[in-house]
Amino acid sequence: MTPPTPPENTSSKTLNLKLEFGGGMELLFSNKRSHRVSIPAHVPAPPPPTASASPATDRPDTPRPSDVNYLIHWMKENILTERVELFMEGDTVRPGILVMINDVDWELEGEGEYVLKDGDEVVFISTLHGG
Amino acid sequence: MATCANVEDTARDELMPRRKKHDRDSSCLRCKTAKGQIIIRHCVYCKQCFYPTVDLKFRRALAQLLNPSAQRKSKAPKQQAGPSNDAQGNLLLGFSGGMGSAILLDMVSRRYIEDADENAASEAQKSRAEGKRRPSVWQKIRVAYIEQCSAYENSSERTEEVRRIVDRYPEFELIIARLEDAFDIEWWRKQGLTPDPATSVTLSLPSFGIVSDSTTLPGTPIERLKTYLAAQPTTTAVQYSISLLTRLLLQHLALATSSTHLLLGASLTSLSISLISGISQGGGFNVKEEREEVWQGVKVCRPLREVGVKECAAWLWWRGLEVVPRMNEAYVSSGNVRGEQSTIQRLTRDFIIGLEKDFPSTVSAIAKTCEKLEPKGGSNSICPMCQRQVPQSGVQDWKARISIRPFATMTTHEQTPPASEDEISEFERRLCYPCHTTWTSRSIRNRGMDTGTVPLPSWVGLAFGNVEQMDYGSTGILTPESRARTRDRIKDFLLDEDT
Amino acid sequence: MPPKLCALCSKERAILRRPKTGQQICKDCFFYVFETEVHNTITEAKLFKPGDRVAIGASGGKDSTVLAYVMKTLNDRYKYGLELFLLSIDEGITGYRDDSLETVKRNQQQYNLPLKILSYHELYGWTMDRIVEKIGRKNNCTFCGVFRRQALDRGAASLNVDHIVTGHNADDIAETVLMNIMRGDIARLGRCTLICTQGEDTIRRSKPFKYAYEKEIVMYAYFKKLDYFSTECIYSPDAYRGHARMFLKDLEAARPSAIIDIIHSGEAFEVKEEVKQAAKAQRKTLFLSRPTALAKGILERCKRCGYISSNDLCKACVLLEGLERGMPNMSIKEKERSRLEVGYGPSDMRTIPKFELPPVLADAASPQPKGLREN
């Protein structure tokens with residue numbers, strides 16, 4: 001989908017996001033259900049080695065705006081406190097974790113490619129604590 | 001064989017295409033106006049339309065439970081009571097602290113309590129037309145939580161968190177039991193489940209002899225539970241045992257509280273996982289019971305069995321429900337299980353959830369396929385451990401033929417004397433395939449089966465209590481002499497120190 | 001530490017741990033239990049009678065190589081009284097089948113068994129290499145599957161045998177049980193654990209290795225120093241089955257009995273009668289054995305090549321015509337719907353030679369009692 005135009009194109013800006021965890025997901029994030037975080041508005045260069053190959057990496061001159069894929073990596077580096085394997089598989093969240101962006105299933109928003117806006121609320125709900 | 005091994009099947013593989021996640025249009029499929037908020041198996045719904053869609057699946061499953069004759073044509077054998085509502089007793093809800101059971105509580109409360117309270121509300125009136133007898137289905141609704149922390153290392157008690165969650169539903173009464181209660185004859189007495197004098201039984205391994213002892217079992221209930229779990233030869237078996245103890249404690253609690261129905265919070269995804277996991281542990285005969293069973297007059301049902309895990313997650317979030325998660329726990333295990341992490345249950349879960357991502361219809365295909373199956377051949381007995389049906393055709397004979405072990409007849413080979421029928425104990429003979437496999441199947445890494453005695457859960461005592469009177473023959477109880485002989489006969493495969 | 005003694009004979013030093021049971025046993029005991037379990041499988045299912053002519057489907061891979069060896073061994077040891085043949089299908093896959101066929105030819109010498117090789121090229125005029133060239137790798141397994149099935153039956157007919165044994169092992173069957181559950185194929189789920197099935201024609205197909213672990217087959221070949229060719233088909237695709245296979249391997253690692261436990265499960269349930277009835281109403285041949293269907297006139301013969309078919313044209317003729325006419329990617333259903341010409345196709349088009357029942361079965365089909373078969 002077409003990314004909404006970011007407010008301004010300066011790479012030094014940050015985005016303020018609200019992250020919420022449910023279904024036991026909070027156990028991996030200091031057992032806190034709600035986090036307010038600021039992440040870079042653009043993926044800092046060089047991109048993290050594990051970050052998914054994106055067209056932007058070929059053109060280091062145009063900084064890539066931060067998307068959910070980047071957010072996931074950012075969370076892993078900055079706020080994840082336990083067991084990365086319960087949060088990620090490969091470059092994205094592990095199957096069985098429902099992600100919602102502003103109360104909408106991320107599958108309707110382009111999944112990891114959704115470009116984040118200031119004030120977005122992203123929710124991660126684990127389904128792994130079953131029955 | 002090569003990948004083309006199952007030649008005839010390959011033509012079908014193209015029927016499993018990866019489909020696009022949703023239709024191009026992302027407005028809600030139901031109201032056609034609101035912006036879609038969630039995709040459920042290729043269908044897009046908004047939040048308002050999501051609730052009734054999920055609710056319908058729950059109601060449908062419940063209706064089937066309460067009124068089976070309406071769903072299944074003709075073939076209702078004994079209970080030709082017609083469309084009458086057979087829920088006259090109490091209701092017991094199993095609560096694990098997990099997502100499914102949190103939703104189960106919410107849905108039952110919404111359906112039978114809230115709606116009944118706000119009778120005037122137009123919403124309720126509307127659904128009243130379809131649901132008619134809603135308010136007074138059950139006399140009393142209880143929630144049972146089985147505390148499992150004694151089965152895990154580094155695990156803490158969760159009863160307070162559970163109490164906090166269940167307290168939100170003042171109409172539900174919470175019952176807390178503990179896994180070790182299965183080994184506590186006093187607990188069984190208190191529930192009125194055990195005749196007096198009660199009999200405890202222990203199992204002698206590897207001979208499978210049953211020793212009944214009407215006086216004492218060594219140790220506290222927790223120690224007995226730990227001995228029991230430590231005797232399991234694989235982590236898969238440990239997990240199997242914990243689930244088994246939990247399920248049977250819940251069933252017995254249902255019995256003790258005069259509940260006609262026991263509802264469990266298994267979602268479609270959990271049901272499919274337990275079906276595949278059960279089949280992978282040899283439980284093909286009990287596929288039907290995995291979905292729904294009647295045990296001693298208690299109907300055990302999983303009304304979320306059509307609700308997928310993603311729907312559960314969204315429901316949980318949007319309804320603001322909480323779970324009591326668990327982490328960083330390792331099973332209680334002693335000498336038997338070494339450096340072995342994966343269980344069949346966990347592997348199956350990861351496999352199915354991973355598959356669901358790329359092939360979203362797999363999960364419901366599994367449940368639907370299994371719904372079309374029934375046990376082959378009849379059954380005239382119940383497994384003393386899991387209390388489910390055992391096929392008439394013996395389990396042990398099948399096993400002996402398929403895998404030759406010293407127990408089986410090695411007729412032309414010297415050394416091992418052919419085992420005669422009566423050397424299989426009555427207990428071993430009556431075990432179902434998965435329970436027997438749980439005790440006998442070892443992994444590559446661990447050493448041989450334990451020797452010594454293992455306390456058994458109290459319901460086995462009910463079945464095998466007064467062994468002498470029940471005339472199971474002399475083989476049921478092993479004298480020290482024959483135990484020594486048996487041990488001697490098989491001591492050579494209680495191998496190894498190596499890895 | 002002293003050497004570990006064999007768990008079965010207590011005499012020899014244990015040299016291997018049995019994947020199936022976890023027991024540490026010696027080489028001779030391993031051979032003994034492996035062979036005896038196959039023998040038990042055969043006798044329990046009453047697969048053969050003295051005088052049967054049996055073809056071993058031989059690909060040169062580990063399963064069929066060990067199967068040929070064990071079948072010969074058991075036939076001699078227990079006096080089954082079978083006449084054994086090797087039957088190979090040459091799909092025409094360079095770098096795969098051509099090498100493995102060399103192995104089969106060596107096996108023929110070593111075991112002194114007659115060998116028949118039938119190629120796709122001679123039967124259909126197309127090799128798999130050429131088919132893949134034409135249609136790509138997407139549906140090539142469909143072609144290969146349909147073609148191989150018919151080729152095996154035709155090979156069996158030309159050897160005058162009424163029974164083909166194949167090297168399907170316990171892992172294959174467990175995997176198929178899981179696959180059929182996951183994709184809801186109840187008809188196949190019902191029969192995939194059967195040890196013996198009827199093919200498209202009345203030729204029987206059996207799996208004596210039904211309960212033999214793949215790992216043990218490999219071990220057996222290794223310790224017997226059997227000569228086999230190990231590779232996977234270079235065209236093999238199918239991610240879905242690949243997932244199922246990986247999963248099964250993981251289960252086996254967690255608890256080795258899982259493979260046999262899944263097969264037990266598959267044998268312990270069956271499709272509900274009402275589901276069968278409903279399915280039968282849609283497709284008459286479902287759940288019927290081929291001979292029954294044939295006798296009831298539900299199955300007929302392909303009007304072009306004489307092979308058993310539920311439609312006017314058999315699948316192989318339909319696929320072949322698609323290839324010949326340059327429209328190979330139509331599905332079989334679409335082709336059937338498009339009413340291809342029945343009878344012999346256009347004269348410039350290649351067709352499959354006429355199929356004849358093997359004489360043993362032609363005899364059996366006549367009113368004489370089956371025991372009076374002549375050689």
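Residue numbers begin at 1 in each chain, while the letters A, B, ... track the order of the sequences.
The shortest heavy-atom contact between Gly36(B) and Val104(A) is O-CG1, 3.8 Å. Shortest non-hydrogen contact noted between Ser126(A) and Met99(B) is O-SD, 3.9 Å. Closest approach of Phe21(A) and Trp317(B) over heavy atoms only: O-CZ3, 4.0 Å.
No side-chain heavy atom of Asp105(A) sits under 4.5 Å from any side-chain heavy atom of Gln37(B). Side-chain atoms of Leu108(A) and Ile39(B), non-hydrogen and from C-beta on, do get closer than 4.5 Å to each other.
A salt bridge links Glu107(A) and Lys310(B); the closest N-O separation between the charged side-chain nitrogens and carboxylate oxygens is under 4.0 Å. Using a 4.0 Å cut-off between charged nitrogen and carboxylate oxygen, Glu109(A) and Lys35(B) count as a salt-bridge pair. Here Glu322(B) pairs with Arg33(A) in a salt bridge; the nearest charged N to carboxylate O distance falls below 4.0 Å.
At a 4.5 Å heavy-atom cutoff, the contact between Glu26(A) and chain B is made by side-chain atoms alone. At a 4.5 Å heavy-atom cutoff, the contact between Ile38(B) and chain A is made by backbone and side-chain atoms alike.
Interatomic distance, CD of Glu85(A) versus CG of Asp350(B), reported as 10.5 Å (0.5 Å rounding). The CG atom of Leu98(A) sits 11.0 Å away from the SG atom of Cys312(B) when rounded to the nearest 0.5 Å.
Of the listed residues (Val123(A), Asp103(A), Ile125(A)), the one with the most heavy-atom contacts under 4.5 Å to chain B is Asp103(A).
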